Structures are given as C-alpha cells and as structure tokens.
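Report on one structure; see the data block that follows.
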Amino acid sequence: MSIKNTLNTRFKTAMKALNIPSECTPLLNSSSKPQFGDYQANGAMGAAKHLKTNPRELAQKILDQVDLAEIAEKTDIAGPGFINITLKNDYIADCLKNGLDKPSVNTENIVIDYSGPNLAKEMHVGHLRSTIIGDALARVLEYLGKNVIRQNHMGDWGTQFGMLIAELELQLSKGDQAELALSDLEVFYQQSKKHFDADPEFADTARAYVVKLQSGDANCLKLWKQFIDVSIAHNSEIYKQLNVGLTTDHIKPESTYNSDLEWIVKDLENKHLAAESDGAKVVFLDELADKNGDPSPMIVQKSGGGFLYATTDLAALKYRAEKLNADRVLYFIDARQSLHMKQVFTTSRKANYVADTLSLEHHAFGTMMGSDGKPFKTRTGGTVKLADLLVEAIERAETLVRQKNTDLSEEEITEIAQKVGIGAVKYADLSKTRTNDYIFDWDSMLSFEGNTAPYLQYAYTRIYSIFRKAGIALEDFSADIIIDAPQEKQLALKLLQFNDVIHQVAEDCYPHSLCNYLYELSSLFMSFYEHCPILKTGVNPETAKSRLQLCAQSASALQKGLDLLGIEVMEKM
RNA sequence: GGGGGAUUAGCUCAGCUGGAUAGAGCAUCCGCCUUCUAAGCGGAGGGUCACAGGUUCAAAUCCUGUAUCCCCUACCA
C-alpha cells in the first residue's frame, strides 16, 4: 500500500473516532514544499467548517487521535489548520524494502481502439497521438492484470478505394509491377487523385469500382487486396519502428463489418430508431438535442444506399460487446469526432447492442497545430509523413551519439540512436495533456535536452554504468536502505509513489502524468547522483550498499515506467 | 445560430477532488568535469494565471458574464 493510502486510512479512522462525518475527507497529499514536511492533510479546515468549530483546534484533536506511531517523525499544525507530517526515515526505508505492489490479476476485458490509420495514404504525424497514447494505455492496463484486446480499426473501405483500384489497374495494364507502383503510397495517391480530377472516364470507372468492390467483384477485390497488403506492410513497419505493440493480429478493419451494415440499418428501422429523411436513413437522437429541442441527426445510410462510418462504428461496437465480451471499450480518437462518438454510444445503448454495464469511453485528444496556432500544414500545404519524422529523429540522435565521442561499437550506436530518437518523438507527444490541442514543432519534438525521453534514458544509463563499474549485476542486487541525506529521502519518497501514478493513469487515461512522474523521479535521481557518491573513496560500505539499492530501485522504476510508455532504455548512451 | 475545448513566464507546457510564497523545460545570465557518463548538476532573472464580477477562512482551480482563438454542427472518415 502506498504511503498516501496508509496515511489516508489512518486519518480517516481518527476522524471517524471524532465523529467527523465521512464526507469530510483527510485531503492527504505529498507536501507542496519541503518546509511543510513530507505529507500534508488539509481536511481539518473543511471539517471544522462543517462542524462549525475552530479549525486549528480540530486539527489538534485529529492529531491527538491519529495513530502514526511507527510512521511519523514529527507532526505539526500550520496556518489555518494544515497538518504537516514528517516521516521517519526508517519507515520510508521499510516501505521501500517491500518493493512495488504486485498488481492484482482480474479478468476484466478491455477493448482498446487505437491507431486506426486510413490505408489509402501513408501515416502522417497526425496519426502519432492515437497510436502511442492508445498503446501506452494498453501496456498500463495489461500491467495491472487486465485482459486487454487491441483493435486496430483500419480504414480500408470506402469511396477513395475505387479511385485507387482504378489507378492500380491502369498502371498494371502498362506493365508496371504492383510493388513498384505502390512503393510510395503518397505519390500513388496523388497520381490517382490527379487522374480522378482530370479524366471523367477514369472518374466513372473509379465510382463503378466502389460499387463493384462492395458487392464482392473478384477482380476488384484482388486489386484492392494488393493495395491493402502494401499499405498494411507500410504501417507494420512504422509500428515496429515506433515500438508499438500492434501486430497484424490486432487489425480489424472497416471492411470486416461490411456484411453487417445492411442488417444494422434494418434493425435500427425495426426498432424505430432510424427513419427516412431526405432519402437517407437517419437516427435522430433527442438525448443530444440542442436548446430548441431539435434532435441530433446521425446518418446511417446515404440516399444512394451507401453506408457511412457511423454504421461501421455501430457494427464494430456491437461486435466488441457481443463477441469480445468487453467490460470497457476505450476509443483513442481525435476530439473532433466527439459528437460522432456520442451519437454512436447513445444509439448503441438505445438499440441494446451494448449492456448498461459496459463502459464506453471516448478518450479524445487535441488537434495538431502549426507554429502559428492554426491547424498544422507544411510549407507546401501537406502533412509531415510519420516515416520521415522517425528517420530524421534517428539520424539526429545518431549524430549526437557520435559527438559524445564515446567508444561505442557501430551496433551500439545504431541501437542507441534508434531508442533515443524514437523515445524523444514519443515522449514529446505523450508528455502533453491528451485533451489539449498541441503545437507540432519539429525541433522540440527532436530535442534531446531537458524534459525529454533521453533525459530519463540517461538517468538509467548512469545507474547502469555505476553497476558496471562496481562489477555487480543490477538485476539481482539487494541491500538494506538507510535514509540519511535529503536527496536520498526525496528520491525514496518519489519511488514510493510509482503505483499511485500507474493506477491514476489506468483510470483517467492521461499518460502525461506518468511522464511528469518519471521526469521528477529522474530529476531527483540526478540530484542524488551528484550529491551522494557511491564508488568514490571515503564512502563507508553500508552507505554505498544502501545507495546502490536506491539506484537499483530507481532503475527498475525508470525501466518499467518507460516500458509502459513504450520507450526503451539502454545500458550505455 | 447551437454545442464542445482553450487562454498560466519571451517560447513550449505542468498545476490532481479549491490549500500555504503559481512550477518545469527551452531561451538568457552566472558558477561546476585530472575520482560513479556534463544528453548532467547548482544558482539568477523572467507572472495582474485573458478580462470583469461572484462564492469563502482560502480561487489559476468552482459559478456568471465579456473578449480572443480552435473544433464540431445531414449524406467524407
């Protein structure tokens, strides 16, 4: 149990004994400043107000009542009724000895919908957020013993594929090889678009192919499959590069729901949820009505008969509830789709596709903006390819690694450049609040100084280096911890907050709080490293061992924390 | 028109259910490598938390209004 939880329980007990109503909580937290001790309880003031009594006196009564015998070195009351607690060093050391809580295993099924790129084009930087935030949550929830089911809802179906198939057929008819024609998906898409816009005959062919494809025409399906395979291979390469845990097994693209769509619309009609309006089939939702009482419309079938992504999403959600037995479904999708998600969730419940107990969660994220604060575009008006960003990141990291003039082998340089470059890109994104719009800045995303992944990785390598120099294996080192120096204490206290943070992330799905935690942890470690020598002369052996143990636990927390973010550590850099 | 989000240091951002003197990084300035990796450490300057009211022991945080910006708002996904 974490220190915070322990203290909270103790204070609750004391407050209950004093007949303070249970809605008055202790309001425990780590102290905002060192002079206020290690932890503070701010609940006395609120409780005093509730009981119409003097807050300082009540704080004193709580302090007299609470049992902190083996925990607190000293306590005091400050200001209007803050209770400040300074912990015993031995108690901190004791807590640390017990290590991290073992996560409890349970059988909750959590479906996570993330990444979901459009296969018609290459992945661009805008796909980064969904992919890596979703992946981080998948890792965190798995770490906590949940049964995580990843679903990559790839966009492999719809109008634009008619155009792409027509283009592929055109190029193949000229004797080109499919692999060659599709070697650059972006170029291929642009050629296709050009033909579509300039050549009415081509455009007609393209439109006809959409219909043929959706009705199962063998030739169209064959061409489509060739295109899709190339596109998926491209995405798989990006995932591998990004160290993201998505494999082809997790792909459940839009096309797999194609055969369910007609049924969905019929079913919605039978349940009197969908009605015809201007030739289209529409679900009108009073739950999402505006001020005037006009219901929110969601089109599930176009007037021409085609289905839309709302229809597909309904089918997907039904599948996740019924076939995957989900207890929670998490969507990591752009905030611009908030209304769409609300509509899908509301309709699914009304149509009884999902049980009331199923938790449907849209964890939205903000839009990527340019440095001018407007939606992001490159100078040429396009988007930055994700592949290009990653290559650049790795190249910059490699240049830096070589500058540091260490005696690393070529293999080591390659490995380090990869981990540092990719880590920096991921961390730059993960460390920002999920829901806010964010400014895409090439340089800050590729920065290796300050609050960045390399800083955390560097802290890890410094620890590893100590153990290497001492000739001790980091993994199986164990010693008693003696807390003495303030840097030791601060580091130890931070280490003990690891589980609190993980649980918080699992609940609110904000990985940036884990980033903040790991940065603070690293920062405290760096300070400890500078102030508390270990292998240097004059350090007594017990102190050295204790400090090595603090190092080992810091390394473990860093490694695990970064792993949950999908960022790798290394022994040298 | 309706709805959602945002506004904190020169720039990019934290700030948990209201808590004590609002914090980081980058940039700027000053120190620190012949002993565990300087991708680092120590320190300095830099703020009317958009604005105006309100709620209270206490407001960046909650409420109301105003301004500015972004997004969504029926047949793309």
Side-chain angles (χ1 to χ4, degrees), chain A residues 25 27 29 31-33 35-36 40 42 45-46 48-49 55 78-82 84 116 118 120 155 157-160 254 277-282 288-292 294 296-304 306 308-310 312-313 334-340 342 364 366-367 369 371 373-375 397 400-401 403-404 406 420 428 431-433 435-439 441 443-444 447-452 454-455 457-459 461-470 504 508 510 512-513 515-516 519-520 523 526-527 529-531 533-539 544 547 551 572-573:
Chain A
T25 56
L27 292 178
N29 240 322
S31 291
S32 51
K33 296 194 189 306
Q35 62 264 38
F36 302 145
Q40 56 180 244
N42 299 339
M45 291 166 287
K49 183 171 189 175
F82 297 103
N84 294 334
N118 183 347
W157 211 238
T159 329
Q160 49 200 332
E254 291 179 335
S277 172
D278 290 341
K281 305 275 171 65
V282 185
L288 304 174
D290 64 17
K291 248 183 182 172
N292 307 322
D294 292 333
S296 174
M298 177 177 73
I299 301 179
V300 289
Q301 187 167 19
K302 295 194 272 187
S303 47
L308 294 105
Y309 76 139
T312 309
D313 276 349
D334 194 301
R336 285 175 291 194
Q337 296 191 35
S338 293
L339 176 59
H340 165 71
K342 272 187 205 165
T367 309
M369 312 297 252
S371 53
K374 300 243 165 82
L400 192 62
V401 174
Q403 274 172 16
K404 298 294 174 187
T406 40
V420 167
S431 61
K432 287 182 176 139
T433 306
T435 46
N436 293 351
D437 290 348
Y438 67 109
I439 296 189
D441 180 54
D443 286 324
S444 74
S447 162
F448 302 139
E449 281 181 358
N451 185 4
T452 63
Y455 181 86
Q457 292 168 322
Y458 184 58
T461 62
R462 282 183 132 183
I463 298 171
Y464 210 95
S465 176
I466 293 173
F467 279 87
R468 185 168 49 234
K469 192 144 261 181
Q504 195 197 318
D508 63 25
Y510 280 94
H512 81 283
S513 53
C515 293
N516 285 343
Y519 177 67
E520 285 165 8
S523 186
M526 295 290 195
S527 185
Y529 179 93
E530 302 283 344
H531 291 93
I534 299 170
L535 304 178
K536 302 184 183 184
T537 51
V539 182
R547 288 175 179 174
C551 284
K572 295 178 186 172
M573 68 186 278

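Nothing here was measured: the structure is a model prediction, and the numbers come from that model.
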Given atom [atom1] of [X] and atom [atom2] of [N], what is their separation to the nearest angstrom?
X: A:Tyr458; N: B:A39; atom1: OH; atom2: C1'; value: 6 Å
X: A:Asp443; N: B:A27; atom1: CG; atom2: P; value: 11 Å
X: A:Tyr529; N: B:C32; atom1: OH; atom2: C1'; value: 14 Å
X: A:Met573; N: B:U37; atom1: CE; atom2: P; value: 14 Å
X: A:Leu308; N: B:A74; atom1: CG; atom2: C1'; value: 9 Å
X: A:Phe448; N: B:A39; atom1: CZ; atom2: P; value: 13 Å
X: A:Asp294; N: B:G3; atom1: CG; atom2: P; value: 12 Å
X: A:Glu530; N: B:A39; atom1: CD; atom2: C1'; value: 13 Å

For [X], report the nucleic acid contact type (base, sugar-phosphate, nothing); a contact means any heavy atom under 4.0 Å.
X: A:Ser465; value: base
X: A:Ser277; value: base
X: A:Leu288; value: nothing
X: A:Thr461; value: base

Please examine the side chains of [Y] and [X], heavy atoms only from C-beta on, and report whether any two atoms are closer than 4.5 Å.
X: A:Val401; Y: A:Met573; result: no
X: A:Tyr438; Y: A:Thr433; result: no
X: A:Val420; Y: A:Gln457; result: yes
X: A:Lys572; Y: A:Thr461; result: no
X: A:Leu308; Y: A:Gln301; result: no

Just by distance, do the side chain of [X] and the backbone of [Y] share a donor-acceptor pair under 3.5 Å?
X: A:Ser31; Y: A:Phe36; answer: yes
X: A:Arg462; Y: A:Met526; answer: no
X: A:Asn42; Y: A:Phe82; answer: no
X: A:Asp278; Y: A:Ala280; answer: no
X: A:Asp334; Y: A:Gln337; answer: no
X: A:Asp290; Y: A:Asn292; answer: yes

How far, in whole Å, is [M] from [N] if one measures between their [atom1] atoms?
N: B:A52; M: B:U68; atom1: C1'; value: 15 Å
N: B:G3; M: B:G43; atom1: C1'; value: 49 Å
N: B:G18; M: B:U56; atom1: P; value: 16 Å
N: B:G45; M: B:G23; atom1: P; value: 13 Å
N: B:C63; M: B:G19; atom1: P; value: 15 Å
N: B:A6; M: B:A22; atom1: P; value: 23 Å
N: B:U73; M: B:A27; atom1: C1'; value: 42 Å
N: B:U21; M: B:G47; atom1: C1'; value: 13 Å

What stems, by residue range, does RNA chain B take part in, given at least 3 consecutive Watson-Crick or G-U pairs under 3.5 Å?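 RNA chain B forms these stems: B:1-7 with B:67-73, B:10-13 with B:23-26, B:28-32 with B:40-44, B:50-54 with B:62-66.
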
Below the 4.0 Å mark, does [N] have OP1 or OP2 next to a side-chain nitrogen or oxygen of [X]?
X: A:Lys302; N: B:C76; value: yes
X: A:Arg462; N: B:A39; value: no
X: A:Lys291; N: B:G2; value: no
X: A:Tyr455; N: B:C41; value: yes

Quick check: on RNA chain B, is the nucleotide nearest A:His531 upstream (toward 5') of the one nearest A:Lys572, or the reverse? Name the residue that is more 5'.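 Between the two, 5'-proximity favours A:Lys572.
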
Toward the 5' end of RNA chain B, by each residue's nearest nucleotide, A:Arg468 or A:Asn292: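 On the 5' side of the pair lies A:Asn292.
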
Nearest to the side chain of A:Lys404, which nucleotide is it out of B:A39, B:C70, B:A74?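 Per side-chain heavy atoms of A:Lys404, the pick is B:A39.
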
Side chain of A:Met526 only, heavy atoms from C-beta on: which candidate in B:A77, B:A39, B:C41 is closest?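 So the nucleotide nearest the side chain must be B:C41.
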
Under the criteria of a ring-centre distance below 5.5 Å and an interplanar angle below 30°, is A:Tyr309 stacked with the base of B:A77?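 So yes, this residue stacks on that base, both cut-offs being met.
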
Would you call the rings of A:Tyr455 and A:Tyr519 parallel, tilted or perpendicular if under 30° counts as parallel and over 60° as perpendicular?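 Geometry flag for A:Tyr519 against A:Tyr455: tilted rings.
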
What is the per-nucleotide protein-contact pattern of nucleotides 7-25 of chain B, from the 5' end, where B denotes a base atom under 4.0 Å from a protein heavy atom, S denotes such proximity for sugar-phosphate atoms only, and - denotes neither? -----SSSSBB-BBB-SSS

Anti versus syn assignment for B:C29, with syn defined as within 90° of 0: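 Anti, angle beyond 90° from zero.
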
